[in-house]
Amino acid sequence: MKTRQIRERVQWLGAIDWNRRLFDSLIPLPDGTSYNAYLVSGSQKTALLDSVDPSMEHVLMAQLEKVQDVHYVVSHHAEQDHSGAIPAVLRRYPRAQLVCSPKAKDLLIDHLQVAADRIRTVEDGETISLGDKTLKFIHTPWVHWPETMATYLPEDRILFPCDFFGSHLATSDLYAADDPYVIEAAKRYYAEIMMPFRKPIQNNLKKVQDLAIDLIAPSHGPIHDKPARILDAYRDWVSDKVANLVVIPYISMHGSTEAMVNHLVGCLAERGIRVQKFDLSVTDLGKLAMALVDAATIVIGTPTVHAGPHPVVFSVTSLANALRPKLKHAAIVGSYGWGTRAVEQISGLIPNLKVEVLGAVLCKGYPKADDFAALDALTDKIREKHAGLA
Ligand code: FEO
């Protein structure tokens, strides 16, 4: 892919990874991704903002072939999908300085073996002049590593926030425009990667929202040319507001837990409560994470395996705990053959979830009338707790 001009002497570079289907050997990428870098040429100096994943280094180096001089390479984030090609760029431009936040310095040395004397750290609010263009650095820690920062280009009113506001989306569209799917992809990205850092992101949003911004140019996915759309979406996702939604991740081995979950789904729907049910044997984890962005309640459904929850439930519950969604309530439903410690074990897996536990309904064998009645009572409790939620 050739470079693309987004403003006078501001270019998009980078690579579109159409075929990648997994990130960090964990996160599904149904739509691929992109690694966006940007070249800003002032009247005196030139800066490259970020690089690309090591697997796409050759693409970036080909794009830079006719660029005679790069004076600064800005690393907003030390993770390899943006900094992986930085060593090659520094070799190509031996006089270039690598610019990063103070916290990024050690990370770049440790992860990429960059020589310390190539690195210049910048403080929050510091600027570097390129002549008639200025790079202003804004520290935005914990989106989603401790060292992350953004660059603001005031002359062109562009914010380059790296992962922040990004989306894993391979597309030939340079701009998001009004495409609703970009916001959905950005929500998936937020859910999978940013959600554990909701509080720091609230602070970072405050730092950038008053800037005069025409474009938000992230390092994954298309450029936001209507910045209010993604800023409003982020404000909603990181807010303390929860929705009238129950998320039910579950698995069933012989149909008992499935019968419990199906009964619960019907009861909740009858009472005007939205439900998203996820059979973990077939679930896209990204979809589950997206549902957890807004949900008020989680109900975990599991059969008993070797006295505890099904191993898949074990794994997904640990993941939900790590994502720290803003859930308010939790419950457990499921089944067992002759005995179970599933409730105690699941409870021990969710210390990060600051939830009120509304109860557990576990049946021996296939659910009977008493078990269904207990699910009805659980539904009434959830309805009480959801009163007033939209
Ligand atoms: Fe896109 Fe955190 O790297």
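Every number for a ligand or one of its atoms is a count from 1 in the order of the listing. Since the model is a prediction, treat every value here as computed from it, not as a measurement.
- Residues Asp371 and His263 have side chains that never bring a donor and an acceptor to within less than 3.5 angstrom of each other.
- Judged by distance alone, the side chain of Glu384 and the main-chain N or O of Lys381 form no donor-acceptor pair under 3.5 Å.
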Sequence neighbours left out, cut at 3.5 Å: what donor-acceptor pairs do the side chains of residues 18-33 make with other protein atoms?
from	atom 1	to	atom 2	distance (Å)
Arg20	NE	Leu22	O	3.0
Arg20	NH1	Tyr35	OH	2.9
Arg21	NH1	Trp18	O	3.3
Arg21	NH1	Leu29	O	3.2
Asp31	OD1	Tyr181	OH	3.4
Asp31	OD2	Tyr181	OH	2.5
Thr33	OG1	His168	ND1	2.7
Thr33	OG1	His220	ND1	3.3

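- In this pair, Tyr38 and Phe160 present their aromatic rings tilted. The plane angle is within the 30 to 60° band.
- Using a cutoff of 4.0 Å between basic side-chain nitrogens and carboxylate oxygens, Glu258 and Lys277 are scored as salt-bridged.
- Taking every heavy atom of both residues into account, Asp376 and Arg271 meet most closely at O-NH2, 4.3 Å.
- Under 2.8 Å from atom 1 (Fe) of ligand 1, one finds the following protein N/O/S atoms: Asp81 OD2, His82 NE2, Asp163 OD1, His220 NE2.
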